[in-house]
Q: 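Just passing along the structure, written as structure tokens.
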Amino acid sequence: MADLSLSSTSSHRPSKSQIQAWFDLPLMDLLMQAQNVLRENFPANTVQVSTLLSIKTGNCPEDCGYCSQSGHHSTDLQPEKKIAVAKAIEEAKKAKASGSSRFCMGAAWKHPHDKDMPYVLELIKEVKALGLETCMTLGMLTGNQAQLLAEAGLDYYNHNLDTSRDFYRQIVSTRNYDDRLNTLAHVRNAGINICAGGIIGMGESREDRISLLHELANLPKPPESIPINMLVPIAGTPIADKLGETRLPVLEWIRTIAVARLACPTSYVRIAAGRDGLSDTEQAMLFMAGANSFFYGDRLLTTDNATTNHDDKLMADLGLTVEKAEPRQIPVTNAVSGRIGSLAVY
Ligand code: SAM
Ligand code: DTB
Ligand code: SF4
């Protein structure tokens, strides 16, 4: 029988041993706890839906061992320079029309250069003007860049810790864990919501997955959004080439999502990359495990996603409805009184 001391009330700032104990629960006990904790914190049967767009593809100076976009690996990827703002807006309109509530724009940069900032700020303003929530993932940020993104109204910044501090050294050599934490601190200080999670299935141990969730749950404030990606193996990347046909069982993804839900009860937990090819039953279990967010749209950044047609049917079959977009309001200074107010930009 499950140890009742492992209930959701003990979940705030969980220790590593607490997280390990959740992983060790019988699966049905874990799923029940996770679904109950989800329902204590969010409306039942409601999911947050995001669509991704790559705004600058490939030739990235970083050497992340899982990524098709690193300039250090030889993959089939066709690099593309920054796409036109008009083209991105067209894609955002399509995402909105198909029911997505958040538009996430990703650029394969180590960090944005200051000359790139007017471009990304314009994208934020124009996408927000459509009534969509905005998310960006542009690599490392300085405090000043984070501030500029916040002032433009950016809702979320995605910057994943990806795995444990120890295993991180085996997957990327061009930056370290503290670089990631520094950027997350700049994003938090600027008042932008944090989207930070990781990838599983890279050959890491369960101990590494425990450490990742421990890091995320023990940040000064847990991320508002936690994407849990399952590795999409891409030929020509060192990790996919090393793993060969070895895959992490889907049950471990389900377990990891459930433990993320218990460790961070009030965060959105996202089924991120890796859904393509899962059965409906497997996906239903990921939602049962407490996931309440997923990427919608036929493409992720450079790889295929589950199709929108199939996802529409899946959501109908599971009785899931899409959460309404609630873009962050931009703080404005009232020039006359000097008081801080807020202004909705759509
Ligand atoms: N360049 C930015 C950065 O590194 O933060 C953002 C883009 S990067 C593609 C965003 C996240 O996607 C990575 O941190 C990783 O978690 C995930 N990701 C990238 N390639 C993946 C793959 N092949 N399979 C699963 N997840 C992947
Ligand atoms: C995240 O954690 N997953 C998304 C988003 N944040 C940017 C990216 C997934 C990328 C999957 C591989 C690809 O399409 O290149
Ligand atoms: Fe570049 Fe991001 Fe890919 Fe790493 S994950 S190679 S930083 S695009």
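Counting starts at 1 for both ligands and their atoms, in listed order.
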Q: Report, in ascending order of atom number, the atoms of ligand 3 lying under 4.0 Å from any heavy atom of A108.
A: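 Here the atoms of ligand 3 in question are 8 (S).
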Q: Honestly curious: do M105 and V49 fall in one hydrophobic cluster under the side-chain, below-4.5 Å linking rule?
A: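 Result: yes, single cluster for both.
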Q: Among all protein heavy atoms, pick out the one at the shortest distance from atom 4 (Fe) of ligand 3; state its residue, atom name and that distance to 0.1 Å.
A: C64 SG, 2.3 Å
Q: Is T137 in contact with ligand 2, taking contact as a heavy-atom separation below 4.0 Å?
A: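 It does; at least one heavy atom falls under 4.0 Å.
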Q: Heavy-atom count check: over 12 atoms from other residues, nucleotides or ligands less than 6.0 Å from K242 NZ?
A: no
Q: Kindly confirm or rule out a cation-pi arrangement of R206 over F23, judged by NZ or CZ under 6.0 Å from the six-membered ring centre and within 45° of its axis?
A: no
Q: Calculate, to the nearest 0.5 Å, the distance between atoms CG and OG belonging to D166 and S211 respectively.
A: 7.0 Å
Q: Could you name the option among A272, A107, G65, C104 that has the heavy atom nearest to atom 1 (N) of ligand 1?
A: A107
Q: At a 4.0 Å threshold, what atoms of ligand 1 neighbour a non-hydrogen atom of D162?
A: 13 (C), 14 (O), 15 (C), 16 (O)
Q: Would you say the side-chain atoms of R261 pair up with the backbone N or O of P265, donor to acceptor, closer than 3.5 Å?
A: yes
Q: One residue to check: T303. Relative to ligand 1, which of side chain, backbone, both or neither has a non-hydrogen atom less than 4.0 Å away?
A: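 Under 4.0 Å from ligand 1, T303 contributes no heavy atoms.
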Q: Please identify which of these residues, Y168, Y66, Y177, meets the side-chain hydrogen bond (donor to acceptor under 3.5 Å, both in side chains) condition with D162.
A: Y66
Q: Hey, does N158 come in under 3.5 Å of ligand 1, counting only N/O atoms on both sides?
A: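 In fact, backbone or side chain, N158 has no N or O that close.
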Q: For ligand 1, which atoms sit closer than 4.0 Å to a heavy atom of R180?
A: 3 (C), 4 (O), 5 (O)
Q: Is V232 touching ligand 1 with its side chain, its backbone, both, or neither, if touching means heavy atoms under 4.0 Å apart?
A: both
Q: Determine, considering heavy atoms only, which of L300, L161, I228, N160 sits nearest to atom 11 (C) of ligand 1.
A: N160
Q: State whether K128 and D155 are salt-bridged, where the test is any N-O pair (Lys NZ or Arg NE/NH1/NH2 against Asp/Glu carboxylate O) under 4.0 Å.
A: yes
Q: Heavy-atom distances under 4.0 Å are what count here, so tell me which part of L301 touches ligand 1: side chain, backbone, both or neither.
A: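 The side chain, only.
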Q: Does the N or O separation between A273 and ligand 2 drop below 3.5 Å for any pair?
A: no
Q: For ligand 3, note which part of H159 has a heavy atom under 4.0 Å away: side chain, backbone, both or neither.
A: neither
Q: Is R175 close enough to touch ligand 3? Criterion: a residue heavy atom under 4.0 Å from a ligand atom.
A: yes
Q: Give a yes or no answer on whether the side chain of Y296 reaches the backbone of A95 with a donor-acceptor pair at less than 3.5 Å.
A: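 Not at all, since once roles are kept as given, no pair shorter than 3.5 Å links the two residues.
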Q: What protein heavy atom lies closest to atom 26 (N) of ligand 1? Include the residue and the distance to one decimal.
A: N229 CB, 3.5 Å
Q: For atom 4 (C) of ligand 2, find the nearest protein heavy atom and state the residue, atom name and distance (0.1 Å precision).
A: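 In this structure, atom 4 (C) of ligand 2 has F295 CE1, 3.6 Å as its nearest protein heavy atom.
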Q: I need the R188 CZ to E224 CD distance, nearest 0.5 Å.
A: 4.0 Å
Q: What do we get for P227 next to ligand 1 when only non-hydrogen atoms under 4.0 Å count, side chain, backbone, both or neither?
A: neither
Q: Does atom 2 (Fe) of ligand 3 have a protein heavy-atom neighbour under 4.0 Å away?
A: no
Q: I need the nearest protein heavy-atom contact for atom 2 (C) of ligand 1: residue, atom name and distance, please.
A: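 Answer for atom 2 (C) of ligand 1: T137 OG1, 3.5 Å.
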Q: Are there more than 12 heavy atoms of other residues, nucleotides or ligands under 6.0 Å from atom CG of D178?
A: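 Counting neighbours around CG of D178, more than 12 heavy atoms of other residues, nucleotides or ligands fall under 6.0 Å, so yes.
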Q: Establish, for the pair K82 and Y119, whether the NZ or CZ atom is under 6.0 angstrom from the six-membered ring centre and no further than 45 degrees off its axis.
A: yes
Q: Which residue owns the protein heavy atom closest to atom 8 (C) of ligand 2, what's the atom, and how far is it?
A: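 Among all protein heavy atoms, the one nearest atom 8 (C) of ligand 2 is L301 CD1, 3.9 Å.
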Q: For N305 and A273, indicate whether the former's side chain and the latter's backbone hold a donor-acceptor pair under 3.5 Å.
A: no
Q: Under a 4.0 Å heavy-atom limit, does I234 contact ligand 1 with its side chain, its backbone, both, or neither?
A: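 Answer for I234: side chain.
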Q: With a 4.0 Å cut-off on heavy atoms, is S68 in contact with ligand 1?
A: no
Q: Where is the nearest protein heavy atom to atom 20 (N) of ligand 1: which residue, which atom, and how far?
A: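 That would be Y66 CD1, 3.4 Å.
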Q: Establish whether atom 16 (O) of ligand 1 and some protein heavy atom are separated by less than 4.0 angstrom.
A: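 Flag for atom 16 (O) of ligand 1 set to true, protein heavy atom closer than 4.0 Å.
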Q: Examine the proximity of ligand 1 to E62 and report which part, side chain or backbone, both or neither, has a heavy atom under 4.0 Å away.
A: neither
Q: What protein heavy atom sits nearest atom 5 (S) of ligand 3, and how far off is it?
A: Y66 OH, 3.5 Å
Q: Are C195 and P227 packed together at the side-chain level, in the sense that at least one heavy-atom pair is separated by less than 4.5 angstrom?
A: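 Sidechains of P227 and C195: in contact.
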Q: Does any N or O of ligand 2 fall below 3.5 Å from an N or O anywhere on T302, backbone included?
A: yes
Q: Do me a favour and list the nearest non-hydrogen protein atom to atom 27 (C) of ligand 1 with residue, atom name and distance?
A: I199 CD1, 3.8 Å
